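All of these numbers come straight from a predicted model, not from anything done at the bench.
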Amino acid sequence: MSARTTRTRLFAAATVALAALSLTACEGDGLNTGSPKPASSSASADESTGPSDDAKDDTGSAGSSGSAGKDDASGSGTGSGSGEGSGSGKNTGGDKDSNSGSGSDSDSDLPGKCSASDVRITAKNAPRPINHLLLTATNTGSKTCTLPQYPAARFGEAQSVPPVAESSKPQSLTTLASGESGYAGVRLSSGDGSAEGGREVSTLTIPFEDGSIARAELPSGGVHVDNDLTVTYWQTSAANALEY
């Protein structure tokens, strides 16, 4: 065998050895890169994605707050306790004002105002004081009624009504049940004849608040009036009516 042939074979063997070493190195690297991940990494990932203790506590608190939805006004609110805190807070109750009492003092229970069709008025001379008339208003109707404050008396063709004696004003209006009477005094003229405007009249009309008019018959021969003509408020007694 020649020396050249020997060198060629040695070179080929060396090449095969190098190739084998290179293959072994590559396989080692593959084993290193394919090694499984540590279990601790997976556990960390699971822990990071799961709810924390604080979150669990917060969820529980939300459920508790749901029970706080109970409304003091009705007491019907309930909490779900599911973490959403859904209290109904339904107010069914007692804020509604139930004023259902039946009042007996309604306007329908109050007496109405007297009308000329309900009342008969008479006019008579008073025994004293002199120059005075006593007006008597009698309720001839079936219902209680209230007289006006005072008689707006018109003597003859007078265009105005006489003034009223303020000192005779009672504490309340005179109310007449069926058959009852109210009274008013009329000072026809001054006692000594010193007042002006004296005249004789034979008719007397008294209007009511509803527009009706009552006619009162004067004493026979009529009466004498002057500028001192004055009336009193309606009273419940004849004595009170003639004090002024």
Side-chain angles (χ1 to χ4, degrees), residues 105-244:
D105 294 334
S106 62
D107 292 342
S108 61
D109 295 332
L110 297 176
K113 295 178 180 180
C114 292
S115 174
S117 60
D118 305 320
V119 176
R120 182 182 73 252
I121 297 179
T122 60
K124 294 182 178 180
N125 287 316
R128 57 180 182 272
I130 61 172
N131 301 328
H132 276 64
L133 280 181
L134 177 65
L135 302 182
T136 302
T138 303
N139 183 358
T140 58
S142 60
K143 296 182 179 179
T144 300
C145 67
T146 301
L147 290 170
Q149 288 187 315
Y150 57 89
R154 292 184 182 274
F155 286 88
E157 302 298 325
Q159 299 300 311
S160 60
V161 299
V164 61
E166 288 297 333
S167 58
S168 66
K169 187 174 183 179
Q171 292 184 351
S172 60
L173 295 176
T174 300
T175 299
L176 305 178
S178 178
E180 290 184 340
S181 298
Y183 307 90
V186 181
R187 185 175 67 183
L188 296 171
S189 59
S190 61
D192 56 5
S194 60
E196 297 179 355
R199 60 196 183 276
E200 302 296 323
V201 294
S202 58
T203 60
L204 171 62
T205 56
I206 299 175
F208 283 79
E209 293 174 313
D210 64 351
S212 60
I213 299 175
R215 297 182 181 275
E217 185 178 352
L218 292 173
S220 178
V223 294
H224 178 82
V225 298
D226 61 22
N227 291 346
D228 274 356
L229 182 65
T230 307
V231 299
T232 68
Y233 286 89
W234 287 110
Q235 310 288 330
T236 56
S237 73
N240 288 342
L242 294 174
E243 285 182 355
Y244 306 95

### Query
With Tyr233, which of Gln149, Glu166, Lys169 fulfils side-chain hydrogen bond (donor to acceptor under 3.5 Å, both in side chains)?
Glu166
Answer whether the closest heavy-atom distance between the side chains of [X] and [Y] falls below 4.5 Å.
| X | Y | result |
| --- | --- | --- |
| Phe155 | Leu188 | yes |
| Leu173 | Leu147 | no |
| Arg187 | Asn131 | no |
| Leu176 | Thr174 | yes |
| Gln235 | Pro170 | yes |
| Asn139 | Cys114 | no |
| Ile213 | Pro207 | yes |

I'd like to know if the side chain of [X] and the backbone of [Y] have a donor-acceptor N/O pair within less than 3.5 Å.
| X | Y | result |
| --- | --- | --- |
| Glu180 | Thr144 | no |
| Thr205 | Arg215 | no |
| Gln159 | Glu157 | yes |

Taking all heavy atoms of [X] and all of [Y], pick out the closest pair and write down the distance.
| X | Y | result |
| --- | --- | --- |
| Ala214 | Ala116 | N-CB, 3.8 Å |
| Ser189 | Asp228 | C-CB, 4.1 Å |
| Ala123 | Pro219 | O-CD, 3.9 Å |
| Leu218 | Ser202 | CD1-C, 3.4 Å |
| Thr138 | Ser181 | OG1-OG, 2.8 Å |
| Pro111 | Thr175 | CG-CG2, 4.1 Å |

### Task
Test Phe208 against Asp118 for side-chain contact (heavy atoms from CB on, under 4.5 Å), laying out the working first.
CA-CA 11 Å; Phe208 283 79; Asp118 305 320; over 6 Å; no
### Residue from Val231, Ile206, Thr232, Thr122 passing side-chain contact (heavy atoms from CB on, under 4.5 Å) with Leu135
Ile206
So how far is it from [X] [atom1] to [Y] [atom2], rounded to the nearest 0.5 Å?
| X | Y | atom1 | atom2 | value |
| --- | --- | --- | --- | --- |
| Asn227 | Ser190 | CG | OG | 9.0 Å |
| Leu204 | Leu133 | CG | CG | 8.0 Å |
| Ser168 | Leu242 | OG | CG | 11.5 Å |
| Thr203 | Arg154 | OG1 | CZ | 11.5 Å |
| Tyr150 | Trp234 | OH | CH2 | 13.0 Å |

### Message
Does atom CD (Glu243) have a neighbourhood of more than 12 heavy atoms from anything else shown, all under 6.0 Å?
### Response
yes
### Query
Between the side chains of Ser115 and Ser212, is a donor N or O closer than 3.5 angstrom to an acceptor N or O?
yes
### Task
Could you walk me through whether Leu134 and Tyr183 pass the side-chain contact (heavy atoms from CB on, under 4.5 Å) test, one step at a time?
CA-CA 7 Å; Leu134 177 65; Tyr183 307 90; 4.2 Å; yes
